[in-house]
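As the structure is a prediction and not an experimental result, all values here were calculated from the model.
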Number of protein chains: 2
Amino acid sequence: MPTIYDVAREAGVSAATVSRVLNGQRTVDPDMVARVLTAVRELNYRPNAVARNLRRSRTTLWAVIISDIGNPFFTDTVRGIEDVAQQAGYSIVLCNSDENPAKEETYVTAALSEQMAGVIISSSGSAKAAKTLLDSPVPVVAIDRVLPRGTVDTVVVDNEAAARTATRHLLESGYERIACITGPEGVSTADLRLRGYVDALAVEPVVARTDFREQGGYDAMAGLLASPSRPDAVFVTNNLMTVGALRCLADRGIDVPGEMGLVGFDEIPWADLVRPSLTTVAQPTYELGRMAARLLVDRIAAPSAKPATVVLPAELRPRQSSTRPSPAS
Amino acid sequence: MPTIYDVAREAGVSAATVSRVLNGQRTVDPDMVARVLTAVRELNYRPNAVARNLRRSRTTLWAVIISDIGNPFFTDTVRGIEDVAQQAGYSIVLCNSDENPAKEETYVTAALSEQMAGVIISSSGSAKAAKTLLDSPVPVVAIDRVLPRGTVDTVVVDNEAAARTATRHLLESGYERIACITGPEGVSTADLRLRGYVDALAVEPVVARTDFREQGGYDAMAGLLASPSRPDAVFVTNNLMTVGALRCLADRGIDVPGEMGLVGFDEIPWADLVRPSLTTVAQPTYELGRMAARLLVDRIAAPSAKPATVVLPAELRPRQSSTRPSPAS
DNA sequence: GTGAAAGCGCTAACAT
DNA sequence: ATGTTAGCGCTTTCAC
């Protein structure tokens with residue numbers, strides 16, 4: 001691979017001039033610019049970003065650490081981040097922790113080692129990863145989930161209120177024994193959505209904790225069906241688990257919404273195509289991403305400003321899965 | 001941020017020794033190892049990967065450039081890549097081109113500038129990106145889609161055969177006017193699946209070209225419905241477009257599979273939850289990812305070996321959407 | 001087994 | 001407006 005010196009020699013100028021041309025400084029003679037550009041083309045020269053980053057002691061990369069690449073929630077969120085990042089001159093690298101704290105720690109370490117300009121993270125709950133991040137000088141924005149014990153810029157939805165709304169909706173639909181399937185303790189969305197559910201309920205809550213994955217939702221649903229306190233409706237606190245629960249119900253031939261009402265958190269791209277269509281709590285995903293990216297841009301500009309928390313509203317989308325055909329018998 | 005010299009000073013050794021300890025060389029006195037490790041901990045030292053990469057003139061990063069992060073196809077594929085990569089000592093960075101050639105070119109350029117150790121790419125069809133890659137010394141593996149005019153390691157499924165099977169399946173189910181919705185010209189999967197469809201058909205083909213996105217599928221379906229050669233079945237060559245077509249059909253209240261048969265390419269996680277459940281051509285996604293990663297490992301080890309093409313089988317999964325309730329009237 | 005020193009490729013003072 | 005030079009933080013000969 002040719003270096004900047006090869007280009008300089010070819011163009012008959014100094015490396016500094018080549019650098020100036022390539023970085024768009026206007027204090028260069030047009031003739032030289034032309035010569036440099038020709039040399040660049042002829043040698044098929046490509047600047048070595050590693051060297052540049054070392055010299056500048058900074059990069060233009062953001063690490064976006066998400067908890068599950070298979071979760072449609074992140075699709076639009078990442079787009080939102082990317083659109084803002086690009087405009088601000090940053091590129092993003094996606095890291096998929098797969099809800100695995102060890103993987104998350106690996107990616108956090110890598111992001112720091114690679115001198116990333118910033119990190120946007122949806123924490124899988126690893127306190128260690130959070131601490132590493134907080135102990136470092138790297139600008140961080142937490143998205144979707146609060147960073148464990150972290151005082152950083154944060155973008156979330158009003159999880160508790162949305163969960164309350166979802167639960168009340170099931171109550172108003174006539175369901176009486178409403179259970180909740182939620183995610184791991186210590187993950188803010190799991191805990192807050194659970195709290196909203198408990199809050200809306202007048203009776204004793206029935207709670208199943210699992211991971212935020214589809215299989216977890218399946219197993220939790222199966223457990224609830226077999227339990228003595230078998231519910232007649234379930235509030236599930238994320239989309240993947242909702243799919244699992246739905247599949248479990250389908251496998252057992254249990255009628256939704258007749259025998260079992262269902263409300264899921266997070267929109268699912270095909271929620272309206274399933275029969276019964278799925279009642280969900282929809283989040284402004286693209287906007288979440290945009291907002292997180294904006295906060296990160298601001299944070300990089302002003303590292304010591306007071307951290308902000310942005311809370312966006314989520315919205316209940318009632319569909320068939322929570323619409324009881326007839327009142328409880 | 002502390003440097004290796006800070007650690008060296010703190011431990012009372014030379015930077016070279018710190019480097020040896022950190023890189024696991026066993027020719028270091030155990031006492032010194034202990035002192036270095038203590039100093040590392042006390043200073044919260046983290047090696048600067050940018051400097052290391054520059055010095056070593058190589059990185060341990062792979063760029064994985066996929067064409068649409070929202071496509072479930074890539075979820076398992078990326079997992080397959082990641083599992084092999086990790087084992088081989090590489091980390092992957094995900095780049096989402098969103099079926100946008102310009103974005104793809106940006107990511108390719110970035111991957112080269114950043115001195116990535118390898119690239120795995122699902123081409124969105126940009127000849128420019130392909131050329132840039134081929135003109136560079138970076139090891140490349142094409143996945144899912146053949147690289148335009150590229151002679152590189154490639155992992156694909158037998159698209160033409162699978163498309164033939166899918167089309168024949170519709171014929172055998174009693175459909176007579178079968179259309180095909182496919183992706184952009186120049187994208188190998190779009191072209192090969194179309195060819196398989198044409199091949200299996202005895203009559204004049206009806207073809208709608210669009211992008212590989214959901215909206216494209218919706219619009220293409222709408223167009224077919226309005227056309228004089230309105231089909232009674234459709235073969236759709238990727239999952240996202242299939243969803244779009246399905247939504248279009250649902251919006252218009254057209255009965256599937258009665259009025260319109262449907263077979264989609266690519267499995268969809270919830271294909272069995274939709275009513276009617278979706279007949280699909282399933283690909284071995286995880287295995288595709290693993291295989292691509294293995295090829296990349298081999299290619300890095302032997303840059304001048306002859307490029308390999310691995311063709312994996314795809315499998316038809318007949319479900320309700322292609323099962324005609326009664327023969328054509 | 002350990003240290004001194006060079007250099008990866010680039011940018012940014014500084015000098016001219 | 002252009003060139004010279006130092007140095008970003010690390011690894012790796014090369015001496016000892």
### Query
Does the Thr309(A) side chain pair with the main chain of Thr154(A), one donor and one acceptor, at a distance under 3.5 Å?
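It does not hold such a pair.
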### Message
Keeping Asn71(B) on the side-chain end and Phe73(B) on the backbone end, is there a donor-acceptor pair under 3.5 Å?
### Response
yes
4.5 Å side-chain heavy-atom contact, [X] and [Y]:
{"X": "Val155(B)", "Y": "Leu312(B)", "result": "yes"}
{"X": "Pro139(B)", "Y": "Leu296(B)", "result": "yes"}
{"X": "Met1(A)", "Y": "Pro137(B)", "result": "yes"}
{"X": "Tyr107(B)", "Y": "Ile66(B)", "result": "no"}
{"X": "Val108(A)", "Y": "Val119(A)", "result": "no"}
{"X": "Gln87(B)", "Y": "Val297(B)", "result": "no"}

### Query
Hey, mind stepping through Phe74(A) and Ser122(A) against side chain to side chain contact (heavy atoms under 4.5 Å, CB included) and telling me if it holds?
CA-CA 10 Å; Phe74(A) 288 111; Ser122(A) 165; 3.6 Å; yes
### Task
Under 4.0 Å from any atom of DNA chain C, heavy atoms only: list the residues of residues 45-52 of chain B that qualify, in numerical order.
none
### Task
Enumerate the residues from residues 105-115 of chain B whose closest heavy atom to DNA chain C is under 4.0 Å, giving them by residue number; use none for an empty result.
none
### Task
Please assess Ser126(B) against Glu104(B) for the test side chain to side chain donor-acceptor pair (under 3.5 Å), listing each intermediate value before the final yes or no.
CA-CA 7 Å; Ser126(B) 164; Glu104(B) 180 170 310; 4.7 Å; no
### Query
What are the residues of residues 22-32 of chain A, sorted by number, that bring a heavy atom to within less than 4.0 Å of DNA chain D?
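Contacting residues: Thr27(A), Val28(A), Asp29(A), Met32(A).
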### Nucleic acid contacts - residues 3-20 of chain B versus DNA chain D, non-hydrogen atoms under 4.0 Å
Thr3(B), Ile4(B), Tyr5(B), Ala16(B), Ser19(B), Arg20(B)
### Message
Run Arg145(B) and Ser67(B) through side chain to side chain contact (heavy atoms under 4.5 Å, CB included) and show every step you take.
### Response
CA-CA 10 Å; Arg145(B) 307 171 179 185; Ser67(B) 50; 3.4 Å; yes
### Task
Take Leu134(B) and Leu147(B) through the side chain to side chain contact (heavy atoms under 4.5 Å, CB included) test and state the conclusion after the steps.
CA-CA 10 Å; Leu134(B) 293 169; Leu147(B) 202 59; 4.3 Å; yes
Show me the donor-acceptor pairs within less than 3.5 Å that the side chains of residues 17-29 of chain B make with the rest of the protein, sequence neighbours left out.
residue: Thr17(B); atom: OG1; partner: Ser14(B); partner atom: OG; Å: 3.4
residue: Ser19(B); atom: OG; partner: Asn23(B); partner atom: ND2; Å: 3.4
residue: Asn23(B); atom: OD1; partner: Arg56(B); partner atom: NH2; Å: 3.0
residue: Asn23(B); atom: ND2; partner: Ser19(B); partner atom: O; Å: 2.7
residue: Asp29(B); atom: OD1; partner: Asp31(B); partner atom: N; Å: 2.8

### Query
For the atom pair CZ (Arg79(B)) and CD1 (Ile69(A)), what is the distance rounded to the nearest 0.5 Å?
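The CD1 atom of Ile69(A) is 7.0 Å from CZ of Arg79(B), to the nearest 0.5 Å.
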## Note on the structure
Distance col, row Arg52(A):CZ vs Thr59(A):OG1, nearest 0.5 angstrom, shows 11.0 Å
### Query
So which pairs with a foot in residues 294-305 of chain B pass side chain to side chain donor-acceptor pair (under 3.5 Å), sequence neighbours left out?
Asp153(B)-Arg299(B)
### Message
Quick check on the helix from dG1(C)-dC16(D) to dT16(C)-dA1(D): what's the angle between its two end axes, five base pairs per end, to the nearest 10°?
### Response
40°
## Note on the structure
Sorted by chain and number, sequence neighbours left out, side chain to side chain donor-acceptor pair (under 3.5 Å) with Ser97(A) holds for none
### For Asp191(A), all residues meeting side chain to side chain donor-acceptor pair (under 3.5 Å), sequence neighbours excluded
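Side chain to side chain donor-acceptor pair (under 3.5 Å) list for Asp191(A), sorted by chain: Arg209(A).
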### Message
salt bridge (Lys or Arg N to Asp or Glu O under 4.0 Å), that's the test. Do Arg149(A) and Asp135(A) meet it? Break it down for me.
### Response
CA-CA 12 Å; Arg149(A) 283 175 286 137; Asp135(A) 286 349; over 6 Å; no
### Query
Taking 5' to 3' order, which nucleotide of DNA chain D is first and which is last to have an atom within less than 4.0 Å of a heavy atom in chain A?
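Here the contact window of chain A covers dA1(D) to dG9(D).
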Name the atoms and distances for all side-chain donor-acceptor pairs under 3.5 Å in residues 283-292 of chain A, with sequence neighbours left out.
residue: Gln283(A); atom: NE2; partner: Asp266(A); partner atom: OD1; Å: 2.6
residue: Tyr286(A); atom: OH; partner: Asp83(A); partner atom: OD2; Å: 2.6

### Task
Shoot me the first and last contacting nucleotide of DNA chain C against chain B, ordered 5' to 3', at under 4.0 angstrom to non-hydrogen atoms.
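Endpoints of the contacted stretch of DNA chain C: dG1(C) to dG9(C).
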